[in-house]
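Structure record follows, encoded as structure tokens.
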Amino acid sequence: MLGNRIAMISLAIGLLVPAFVHAQDVPLRDIIDREIKAGWRKEKLSAPGTSTDTVFLRRLYLDLVGMIPTYDETTAFLKDADPKKREKLIDKLLADPRYARQQAQVFDLAMLTRNHNLVGGTVGYRNRGRFREWLATQFAANEPYDRIAAKILQAEEDGSQLFFAVYNNTDEMVTSVSRFFLGTQIQCAKCHDHPYEPWTQKDYHGMSGFFVRTMAVEVPGKPEITNQKGKQYRVGEKTVGEALFSLEKIDPKTKKKETIPIPPKFLLGDVLKEPETPKGFAEPKLKPGEVPPKPAFSRRTKFIDWMTAKENPFFAKAIANRVWAQFMGRGFVHPVDDFNAQNPPSNPELLKAIEKELVAHKFDYKWLVREIVNSQAYQIEDVGKVTDAMPRFYERARIRPLIVEELIASLHIATGLGVESALKKEPSPDLLKYLGEPADGQGRFQGSLSEHLFLHNGDQFRGMCRPNKGNLPEHLLMSNEPWEAKVEKMFLSVLSRPATSEERERFVKYLNVDEKNAKDAKSAKTPAGQLPGVQRMEDAMWVLVSCSEFRFNR
Amino acid sequence: MTLYLVPILSLALAQPAPFADAKVIHAFQWNSDVVSAVAFIGNDKVAAANRRGDILIWNLPASGDKTPDPVRRLVGHTGPVNRLLVSPDGKTLISASNDRTVKFWDSLKSDGNPGTIVMNDGYVRAGVSEKVAKLPDPPPPITAKVVEQKPIREFTGHKEWIWGLALSRDGKTLVTGDDAKLVILSDTQTGKEQQRWKVKQWVRSLDISPDGKIVVTAEQFPHLTEKEAENGLRGWDAQTGAMKFDASKGLSGGVSTVRFSEDGKHLAFCVGTIDRDGPAGKVFLLNPTTGEKVRELTPSHLRGATDLVFHPDGKHLVTCGRDRAVKIWRLSDGAQVHEISLAIGDKKKQGPFTPTLHAISISPDGKLLAVADSSGQVVVCTLEDRKK
Amino acid sequence: MKGLLTTAGGMAVANWGALTHSQSLAQEVRRAGKRCIMLYMGGGASQIDTFDMKPGRPTSGEFRPVQTNVTGIQVCEYLPNIARHADKLGIIRSMRTRTPDHGPGGYYMHTGYHPSERFPHPEVGAMIAKYCENPESDLPSFVKIGSQSGIYGAGYLGPQYEPFVVDEDGRVPNFVNPTVSPEIQARRGDLLNFMEQRFAEQRSGEPFAAHRTAELRTLRLMRARQVFNVSAEWERAKERYGDNRFGRGCFTALKLVEAGVSFVEVAHGNHDTHMDNFPISKALYATMDPAWGALLDDLTQRGLLRDTLVVWTSEFGRTPAINVRAGRDHFGRAWTTVLAGGGIRGGQHYGSTDRDGFEVAENPVNEADYVATIYRTMGINPRARHYLGSRPIWATAEGARPIQQLIGQ
């Protein structure tokens, strides 16, 4: 009753007052739930139930902080009887420093991809490290997203410059900026007018105009340092330079295709108005590691202003879609960076609502994440007959493989090594090579044989499962608790849930076998390796970290 | 076609900058196929060759006269000519080609069968050719009346493309190297083989030391990515073929030319057999007996350096590259004293789609420089100071 | 060059459980036991410098043609080993394809479909693996030697037909060797199975199924891993194949098809010679030609050629016009692929190009025609139909015409 009255008054006010006041009335999480439920009804899908506490716990930890909950975190949450515990956990994790780190990781991978140029391989991974640290400070301070995007493109702050170091020629800049920030695939239009979309070559080259003067240089440094800490870059902008577009006509004098400079033009917008460049201007000669002096008129700054302006038709939509996809699995537009006429959003009203609210909240990133994960739509169950990894109407929770970083961190937590240890570890070159790209170009999990061979026989996984250095297997082997309690601890640590009675029985039977020596030469050398049951403990741990339940975020 | 000269301030202090007055005096238009090699015959004739196998000779006019047509055409090669060389006595022109032959020509003879040659039947090279529906219609032919001549003899000891061509300083021994990794020393007059040995990769360039003791080879097995390519620079005993030094480690790319100076005190090489982004055209001086690096000459050419030659004054080295620049270096300290830019249009826009300079030659008196320019011309510059 | 660098659009729902296809046809083909080796030239191999030479024309370039053992067929002078085998080759000179870009072109030539269509199409290897595999064999039926050609996946056919990817020289990583005793492996495998079955009871998501399938295939692969260890025989074979990565990769492919693997793709690159085409191509052919020739030699000698289709292909060809950097650029309007073995009627050209090589003169062949020809040769119906949910999807598009002239018996 009261709610209706408020709604009616709000409606009345809404007619008189600008939109941003009206927007705060219905929380976004409720709008989301309303729309998603309407979608299920429309598609005649049976409404899914809510996830259990254990499923929600693990999903939330992985999504927000990039690793599974520790044994203590798990037991605390499961024991908690507070009806609002889920909302409180969300608030707690959003305030955790690991949130910023995880968000930086996700962003970095989405922007620069796994193996591009400067960021592939072990040394490349260190280059990313600087960029991720800087990104994490932005997310930790909850900088508004439009400011973060502006800073990445402005590339002035220390550590923020990697984007242009990786995408260091005009074509790559245009393509990646369009893809990531505008959600638009424009690269086909470079060589010919797009076959299906309205982008023409002139549009593409018009966008080039904003980036043609931008350049990145590596700051010379000692290899001993840069190989460990990652290289540093500076990004600058020249005062002159044009995007050239080559016509069909051949110039009779040079006998080559005529090229004409294309003035910078905003996508679906106007040509940039700029002052005349001073005649006879000569770019100064640069030393290695030097960038040109700041130009009097910066095209890139103008682009950033246009991109982050409220009226920009692409920017808010693209990030709304991207954040939605990050937590819900599939964007309204899928793939997440491919808005085009042939690919309409699956729920245009909801996308529009999120976009509107986000703008009204001045691109408050943490607010958006909080709203999404507090919705019932996010918290639905992971069981059901639907086989899609990422159901189109969100009728079952999405399934995706843990990325390498999440996997290695979660392994540390699972084997009881603790959060600090998990935060320090960097994926090894082998891990990056074999588990770095679990999905194909369309995001489908491939289940490669190489990955499984690595799991089976690579020493990384097996090593973590052996009793060692105060980890969980060692602790369990040395403790005097009954086996049932030990198995319970294992399940709670690795799978973040209690064991079922069948599982407990089965595992106790497996572990509680009298074996005199460790069969494995490696573990025989450790003190715990002398204890009975070492091999079987390793086996049991290995089973738990190799199974589907551990491998995926669901 | 207009060319722009961009002199760079030389680092000499009190004296007037050497070569500062260098300028183009002729540009022989020859747009049939890529002009790939050039050599002065004496101080008054220029021979140039292209990748169709034609060799033309121009007589340089007395100063002030207009640009002449070629007068002689050397007929015989059926494949691209890679190198041209003139014997120390100036009487013989020698050419090495992909047609597996080395041919010897009378460089001074001026008579032969009358003939004509079309000077502009090459085609316009477009950029990304997917857009070109077909080759554009050829322009009306420009012909030159020439006298056709045949080779006086041939060396057919090779079975593969021949890029390595050198002569001993007494003109008696021909040294050649090919893509079958073979180096052959033979008698220039009789063609009789004296020595042959296998090197490690395809020979792209070679030279023999003035004392006749060392043959240095620039070798390559190219690949699209430099990481996978194999590049070599090695010194060999000219008598036995035993390897004397291997300076291959650390090469940043394929070596396009290697040469000894006339007095044997310097050994220089330049890098750039494959077009690469950035300052890829590095030039180095090595110790001529041990192959150890003496210095790198900077600033290097962009995209690659294609040829080099020592100035007869014994004090300077001249290189040319894919950035359409001709750089003159001082040997004593490695400084760049002058740059002649043959840029087409804006010098800053010499990118991957501008034709490169392939070869250079200097006249015996050191006053003239000739450049094989694949934009379709042979450019002749004067190196003299204006005062003289 | 990973397959689909740019996302190609939202896909239709993939539901392997609803897959329906002709059972009897699959059984028939399986009995035929045909195999396929695909030699994939990454970057775009130049047709004018290999099989479609234009001597005397402005586009001819620096190589010269030589006679082969078939009158009327000439190939580049730097393909002497292939020249000996011209009687086995069906040379398709009239490829005319739509996408001269690496990513989409690679996708199109591997699946027969344009990447803009939003279906998870399987690549040729997966389709052949499905229809020609020996289900008794422990070896994966689809192996990729070298990943530079791109990995496009098994699409709607399901994760069991995903390729097993090994290094360019055919080597498998060290951890193909089990590090625990078979006894331990068995008992922990049982425990893992127990966990997976319970988990799957309520969860039918595709990724879980993919994970489980891969686990099972891995166990079988470890059992059969010796096949990949060709080091002993390689010592003798390396002179003929060439002691380089591609040579060893081709030799490994031979051993794999001998052991019954249905499809092996070997990558060779990089042919993307936008500059200095002639020296680089000459170096490429120096490794490509001996390996390809030795492969055909060995297949013939072991009596395997009749049942093994050898495909030589690329994502597109290269321009007849030589550019300013003495290179050739991408070109899809007229280029060449070559088929041999598997019953292909060799010793002939199919299709031709005009005088300078700019256009197809007769018998144009597009991507779907080419893929259909491969399928037909392997005994697979090019119009084999599967279903995605209720939506039918065919192995090749409607109108795809296999080249009858080349397909024997």
Side-chain angles (χ1 to χ4, degrees), chain A residues 115 179 185 187 195-196 333-338 342-343 382-389 392 396 399-401 434 437 440-454 456-459 462 500 502-503 506-507 510 519-520 535 539-540 542-544 546-549 551-552 554, chain C residues 2-11 13-17 101 116 118 120 140 151-153 159 162-166 172-181 184-185 187-188 191-192 194-196 198-200 202-215 217-219 221-222:
Chain A
N115 286 317
R179 176 181 75 78
Q185 306 263 3
Q187 56 272 20
Y196 319 110
V333 171
H334 177 75
V336 77
D337 50 15
D338 197 3
Q342 314 270 316
N343 196 13
D382 67 320
V383 294
K385 292 212 186 64
V386 179
T387 55
D388 262 346
R392 191 166 145 87
R396 193 218 62 227
I399 304 165
R400 56 164 171 258
Y434 293 106
E437 293 259 30
D440 68 9
Q442 283 188 328
R444 287 169 19 245
F445 177 67
Q446 286 191 301
S448 81
L449 291 182
S450 307
E451 177 182 319
H452 276 262
L453 284 172
F454 186 71
H456 265 263
N457 303 319
D459 206 56
R462 286 192 59 212
T500 66
E502 293 98 336
E503 287 168 344
R506 184 69 192 259
F507 269 73
Y510 189 91
K519 291 223 166 32
D520 190 275
Q535 184 59 46
D539 298 345
W542 181 88
V543 165
L544 291 178
S546 302
C547 65
S548 304
E549 190 172 347
R551 178 81 184 86
F552 293 93
R554 66 192 200 285
Chain C
K2 183 133 171 95
L4 300 177
L5 290 170
T6 63
T7 47
M11 338 160 305
V13 167
N15 185 352
W16 304 309
D101 292 315
S116 73
R118 295 177 170 122
I151 301 170
Y152 305 93
E162 293 284 342
F164 176 47
V165 183
V166 300
V172 286
N174 274 335
F175 32 83
V176 78
N177 298 313
T179 44
V180 291
S181 70
I184 296 178
Q185 200 163 287
R187 76 179 187 212
R188 79 178 184 184
L191 194 59
L192 179 61
F194 164 76
M195 291 296 291
E196 292 286 14
R198 299 179 55 75
F199 187 72
Q202 285 194 296
R203 293 174 186 86
S204 34
E206 283 160 11
F208 305 139
H211 191 77
R212 282 194 308 277
T213 308
E215 169 69 20
R217 292 172 71 213
T218 303
L219 289 170
L221 172 59
M222 290 202 296

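A note on names: the letters A, B, ... follow the listed sequences, proteins ahead of strands, and every chain is numbered from 1.
- A salt bridge links E502(A) with R198(C): the closest approach of a Lys/Arg side-chain nitrogen to an acidic carboxylate oxygen falls below 4.0 angstrom.
- With a 4.5 Å cut-off on non-hydrogen atoms, R400(A) does not touch chain C at all.
- Defined by atom type and a distance below 3.5 Å, a donor-acceptor pair is present between the side-chain atoms of H456(A) and E215(C).
- Within the 4.5 angstrom heavy-atom criterion, atoms from both the backbone and the side chain of Q202(C) approach chain A.
- The backbone N or O of S548(A) lies less than 3.5 Å from a partner atom in the side chain of E196(C), making a donor-acceptor pair.
- Checked against salt bridge (charged side-chain N to carboxylate O under 4.0 Å, His left out), R188(C) has no partners two or more places apart in sequence or in another chain.
- For L221(C), the part lying near chain A is the side chain, with the backbone staying farther off; criterion is any non-hydrogen pair under 4.5 Å.
- In terms of non-hydrogen atom pairs under 4.5 Å with chain A, the most contact-rich of V166(C), V176(C), V172(C) is V176(C).
- For a residue to count as touching a neighbouring chain, one of its non-hydrogen atoms must lie under 4.5 Å from one of that chain's; by this rule F454(A) touches chain C with backbone and side chain alike.
- Here R462(A) contributes atom CZ and T179(C) contributes atom OG1; the two are 4.0 Å apart, rounded to the nearest 0.5 Å.
- With a 4.5 angstrom heavy-atom cutoff, F208(C) touches chain A via backbone and side-chain atoms both.
- The two atoms that bring H211(C) and S546(A) nearest to each other are NE2-O, 3.0 Å, heavy atoms only.
- F194(C) and F507(A) have tilted rings, their planes meeting at an angle from 30° to 60° on a 0 to 90° scale.
- No donor-acceptor pair under 3.5 Å is formed between the side chain of T387(A) and the backbone N or O of E206(C).
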